[in-house]
Amino acid sequence: MNNLERMKVLVRDLNRANESYYSENKEIITNKEYDALYDELVSLETKTGIIMAKSPTINVGFEAVNSLKKQTHTTPMLSLDKTKSIDQLQEFLKKGDGLISYKLDGLTIVLRYEAGEFISAVTRGNGIIGEDVTHNVIHFKHVPKKISYKGSLLIRGEGIITYSDFEKINKSGEYKNPRNLCSGTVRQLDSSNIIKRPVHFLAFSILEGSDFEKKSEELEFLKNQGFEITPNKLVSFENIENVINKYKLEVTTSDFPTDGLVITYDDISFSKSLGATSKFPKDSIAFKWEDETKETKIKYIEWNTSRTGLINPTAVFETVELEGTNVSKASLHNLSIIEELKIGIGDIVTVYKANMIIPQIAENLTKTGPDPYPENCPECGSETIINQKVESKTLYCPNASCKAQIIKRLTHFVSRNAMNISGFSEATLSKFLERGFINNTTDIYKLERYFEEIKSLDGFGEKSIENILKNIETSRKVNLANLIYALGIDGIGLSTAKALCSHFSYDVQKIINAVSEDLMEIEGFGDILTNNFINYFTNEEELSMFLELLEQLEVEKPIVNENNTEFLAGLVFVITGNMEEYKNREELKEEIEKNGGKVSSSVSKNTSYLINNDTESNSSKNKKAKELGISIINEQGFIELLSLKGNKD
């Protein structure tokens, strides 16, 4: 383990110890052990001249500004010329070998360091004038506060929000894509909001302060200063087509939002000799994905009421084939997007798959809309309301007794990561709701009283209802974090529920009586999430239901690693396929995290192991792992690995 890797481990472990001591009143390491780790970190920071973004040796407070100040760039931030032609790239690379990397789809930001100190951060803006966002960027992931290089350094990179983080944050449907969310986050005036939206910074070039001969050397230098860099590889005109085909395969599993690739000459002197046009530098070119687009006709807009009351619009159009699959729907996210696209029934639109995965409407060619939004909830008929925020307009059903909301809440309650009660489909829950067998979550645990009535329904034999009742009984023993997640409080995901329970030492009463000041100390909790949580437990009906539910359950605390050993520290796992030894992927994930490992959704060069019981399958994850030389193991192999690590330590 090199110095940088050791520093990352120390920062993680010390912050974990601080959180446990100050927030949970629990000492997981002794003062002597803490001091030794702290001194080691200080020593390494002194030795390397680098201070990581979240190092406990510094204290960076949140800040609010009145407005974003304009700042002129010392070096113009030119955009790139674009192509979708492999032939053009080959011609480009005949002049010299290049460096290829993803063209990240976020917000371009320029960082300035002086004498090793982080000084400022400015957005690209119009390329000449940007906005000062230093107060926010200082809290970004992978932006060191100090670096070992003591000269002036100007670094260009991209702020992004990953797809997985976007899905967690965008449950209310306010944002169209990760790029919009990232841009809105970075440009907020109050920096305390930044912790609710984890922004990554990936560096991709040095604008001032470099004396390297190769761009690849620049990136390696930045990596050694503590920055995360854009994944890259050297390329020539001879292999460019094969490399791009590999990237096209890779992008379908990547967690980073991208809109293509960037190819730049590796030789810096040669690059500088080429100069630039009024719009583009001549040493770089962007390759845009050859997104397959098709024209189709809008048939209607489908409106679906969610468990939180949000009514989600989806465009339904005549079926077209895209990237080898038939597509007939695309999310419209919110009212603002419908208005922006001017979507009307019968409009001709072009559709594509973002990152070759997610169906999107690219353009409305006829623009006869926007069609009026429904004035009544499509499920219960209640009058709808519009929630107007700075970023967007969303449509809501205010009726908490709306059947659609109840069904969605019950479906969420029985789902795998919640109470994990198999046998309940939405159709089944709907039948039970219509007949009065179930009206709320506690009724699920009293379902046995309707055994004879259910048995007489079409599709329900004695065996099937016995299986459902058996699954209900099994679910009575539940982890508190899963129970909190199952309640369906807006914005509370499973990881947030785990952080909440850990913060309050799995004490139900403390959680019920939590106040704003306590909740705001938990990572991921901001004003909105805190208000959602407090509103839930101060609602007499919700609280009464929760207390009644507790009487039906046996709430467990998680099994803690008694020796506080982290056998899998530093290892990153990706899980795919069906489980055999573990109940499901979530159980395996918990086992990994309990032992200090991390679980990622996609295979990358940072992955240590891919866990797949079908180690010889031709799945995209297996192919990617083989390309990168990453070990593919089955569940038994993981169990053996954990055993070996435990015995070794």
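Bear in mind the structure is a predicted one, so any value in this text is a computation, not a measurement.
Heavy atoms only, all atoms of each residue included: K342 and N364 are closest at O-ND2, 2.8 Å. In terms of heavy-atom proximity, F140 sits nearest to N136 at CD1-O, 3.6 Å. Between K589 and I575 the shortest heavy-atom distance is N-CD1, 4.0 Å. Residues L207 and M77 approach most closely at CD1-CE, 3.3 Å, considering heavy atoms. Residues S604 and I630 share a closest heavy-atom pair of O-CD1, 3.1 Å. Considering every non-hydrogen atom in both I109 and F201, the closest pair reads O-CE1, 3.9 Å.
Checked for salt-bridge contact, K598 and E593 miss the test: no charged N lies under 4.0 Å from a carboxylate O. A salt bridge links E91 and K94; the closest N-O separation between the charged side-chain nitrogens and carboxylate oxygens is under 4.0 Å.
Remark: E220 pairs with no residue by the side-chain hydrogen bond (donor to acceptor under 3.5 Å, both in side chains) rule, at least two apart or across chains. Not counting sequence neighbours, the partners of F227 by the ring pair (Phe, Tyr, Trp, His ring centres under 6.0 Å) test are Y113. With sequence neighbours excluded, no residue forms a side-chain hydrogen bond (donor to acceptor under 3.5 Å, both in side chains) with E217. With sequence neighbours excluded, no residue forms a salt bridge (Lys or Arg N to Asp or Glu O under 4.0 Å) with E213. Judged as a ring pair (Phe, Tyr, Trp, His ring centres under 6.0 Å), and not counting sequence neighbours, the contacts of F221 are Y149, F212. Residues forming a side-chain hydrogen bond (donor to acceptor under 3.5 Å, both in side chains) with E45 (at least two apart in sequence, or on another chain): S55, T57. In this structure H200 satisfies the ring pair (Phe, Tyr, Trp, His ring centres under 6.0 Å) test together with H142, sequence neighbours excluded. Residues that satisfy the salt bridge (Lys or Arg N to Asp or Glu O under 4.0 Å) test with E208, not counting sequence neighbours, are R112. Partners of E627 according to the salt bridge (Lys or Arg N to Asp or Glu O under 4.0 Å) rule, which considers only residues two or more places apart in sequence or in another chain, do not exist here. Partners of K329 according to the salt bridge (Lys or Arg N to Asp or Glu O under 4.0 Å) rule, which considers only residues two or more places apart in sequence or in another chain, are E302.
The shortest side-chain heavy-atom distance between I244 and I100 falls under the 4.5 Å cut-off. Side-chain atoms of L568 and F573, non-hydrogen and from C-beta on, do get closer than 4.5 Å to each other. Using a 4.5 Å heavy-atom cutoff, the side chains of P178 and T162 are not in contact. Using a 4.5 Å heavy-atom cutoff, the side chains of S617 and N612 are in contact. L78 is not listed as a side-chain neighbour of F280, based on a closest heavy-atom distance of 4.5 Å or more. Side-chain contact between I343 and V349: present, with at least one pair of heavy atoms (C-beta onward) separated by less than 4.5 Å. The closest side-chain heavy-atom distance from L99 to L219 is below 4.5 Å. Contact of the T607 side chain with the L628 side chain is not registered, since no non-hydrogen atoms from C-beta on lie closer than 4.5 Å.
Looking at E5, its side chain does come within 3.5 Å of a backbone N or O of N2 through a donor-acceptor pair.
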Please output the side-chain donor-acceptor pairs of residues 232-241 that fall under 3.5 Å, not counting sequence neighbours, one pair per line with the distance.
from : atom 1 : to   : atom 2 : distance (Å)
N232 : ND2    : T230 : O      : 3.0
S236 : OG     : E238 : N      : 3.3
S236 : OG     : N239 : OD1    : 3.4
N239 : OD1    : S236 : N      : 2.9

Inset, instruction - Start with the C-alpha gap between K70 and E131, add the side-chain angles, then the distance that decides, and say whether salt bridge (charged side-chain N to carboxylate O under 4.0 Å, His left out) holds. - result: CA-CA 5 Å; K70 303 294 184 182; E131 293 174 315; 3.4 Å; yes

Inset, instruction - List the steps, then state whether salt bridge (charged side-chain N to carboxylate O under 4.0 Å, His left out) holds for D259 with K288. - result: CA-CA 6 Å; D259 57 359; K288 302 291 285 184; 3.3 Å; yes

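Partner of K215 under the salt bridge (Lys or Arg N to Asp or Glu O under 4.0 Å) criterion, chosen from D283, D266, D97, D267: D283.
Applying the ring-ring contact (aromatic ring centres under 6.0 Å, His included) definition to pairs two or more places apart or across chains, those involving residues 78-109 are F92-Y265, Y102-Y247.
Enclosure of atom NZ in K272 is not indicated, since only 12 or fewer non-hydrogen atoms of other residues, nucleotides or ligands lie within 6.0 angstrom. Surrounding NZ of K223 are at most 12 heavy atoms belonging to other residues, nucleotides or ligands under 6.0 Å away. For NZ of K150, the number of neighbouring non-hydrogen atoms (other residues, nucleotides, ligands) closer than 6.0 Å is greater than 12.
K621 and T576 share no donor-acceptor pair across their side chains, judged by distance under 3.5 Å alone. T108 and E158 share a side-chain donor-acceptor pair at under 3.5 Å. Between the side chains of T366 and D347, at least one donor N or O sits under 3.5 Å from an acceptor N or O. Between the side chains of T83 and S85, not a single donor N or O lies within less than 3.5 Å of an accepting N or O.
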